[in-house]
Number of protein chains: 2
Amino acid sequence: MLQHSDPLDRAFHALADPGRRWMVDRLTRGPASVSELAQPLDMSMSAVVQHLKVLEASGLVRSTKTGRIRTCQVQPDALRAAEGWLNTRRLEWERRLDRLGDYLATTNGDEQ
Amino acid sequence: MLQHSDPLDRAFHALADPGRRWMVDRLTRGPASVSELAQPLDMSMSAVVQHLKVLEASGLVRSTKTGRIRTCQVQPDALRAAEGWLNTRRLEWERRLDRLGDYLATTNGDEQ
DNA sequence: TGAATGCTGAAGCATATGCTTCACTATCAA
DNA sequence: TTGATAGTGAAGCATATGCTTCAGCATTCA
């Protein structure tokens, strides 16, 4: 096993955790500090920081520190990349279904 | 840690592995047997079957056995669910950016 | 200056994941 | 019926993950 080396590996892995997904969801509604992210998640500050590191490593979130406050933001490009992968595969599948439908219509159909 | 109980947890977790993602990709181009899925993946049959179980548990893939051949298919609904989650968050983020843009335009702008 | 706040980092531990190998069953084809 | 093919399942092992606690360290506020 080789760790999550591909950006998509990291993004999907980051999104597989409900707590991390909650953080991303929260951040789509605006930036937040680490404590703000931690507050409703029933776990220690350290645990939250570790989740945050996973999110940052995946590129889904970026953060900057000002004074003693670290402010986090979503990075939509990483969201888009994951979304794009799924979209491409779904469209491919649908395209295939269409072709199959056409084929069945011609072998089977009344036209011609 | 409570395992991956939510359907989205399972879907994203399933997609976090490049081998499993390859299988999904392959299956969007049509059904395949377990051996066909295993062939280009440099790992044992058992390992592939275990990945397949993860994919089936996530709802991304379904399979049926006929004779000694198990045929696998993508389930687009699970793809759609994951895609939808990402899309909703991304749109929320973009909506927020737009509002912010409007606000800056009015506080700052030449109009009015 | 001294205390509270916000975050960081290491250590340690339980459990999960991702493989392997080996033994096995069921099906198909000759 | 014999052998090859396709898949299954358990055991075992290395490594990864997800927490916890505890011990800091800046920064801010009184």
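Note on naming: letters A, B, ... go to the chains in the order of the sequence lines (proteins, then strands), and numbering restarts at 1 for each one. As the structure is a prediction and not an experimental result, all values here were calculated from the model.
Comparing V34(B) and D42(A) along DNA chain D, the residue whose closest nucleotide (by nearest heavy atom) sits nearer the 5' end is V34(B).
In this model, a donor atom of one side chain and an acceptor atom of the other lie less than 3.5 Å apart for S63(A) and R70(A).
A16(B) pairs by the side chain to side chain contact (heavy atoms under 4.5 Å, CB included) definition with H4(A), F12(A), H13(A), not counting sequence neighbours. For R20(A), there are no salt bridge (Lys or Arg N to Asp or Glu O under 4.0 Å) partners two or more places apart in sequence or in a different chain. Scanning for salt bridge (Lys or Arg N to Asp or Glu O under 4.0 Å) contacts around R21(B) gives D6(A), D9(A), with sequence neighbours left out. With sequence neighbours left out, the salt bridge (Lys or Arg N to Asp or Glu O under 4.0 Å) criterion links R80(B) to E94(A), D77(B).
Contact record, L52(A) with V34(A): CD2-CG2, 3.7 Å, taken as the closest heavy-atom pair.
Of the residues in residues 61-73 of chain A, K65(A), R68(A), I69(A), R70(A) come within less than 4.0 Å of DNA chain C through at least one heavy atom, sorted by number. Scanning residues 44-60 of chain A for heavy-atom distances under 4.0 Å to DNA chain C yields M45(A), S46(A), V49(A), K53(A).
Under 4.0 Å is where a charged nitrogen must lie from a carboxylate oxygen, and between R95(B) and E92(B) at least one such pair does.
If you take CZ of F12(A) and P of dA16(D), they are 22 Å apart, rounded to a whole angstrom. Taking atom NE2 of residue H13(B) and atom P of nucleotide dT17(D), one finds them 9 Å apart after rounding to whole Å. Look at CD on Q39(B): it is 11 Å from P on dA6(D), rounded to the nearest Å. The distance from atom CH2 of W22(B) to atom P of dG18(C) is 18 Å, rounded to the nearest whole Å.
Judged by distance alone, with hydrogens and angles left aside, the side-chain atoms of R90(A) form no donor-acceptor pair with the main-chain N or O of L79(B) at under 3.5 Å.
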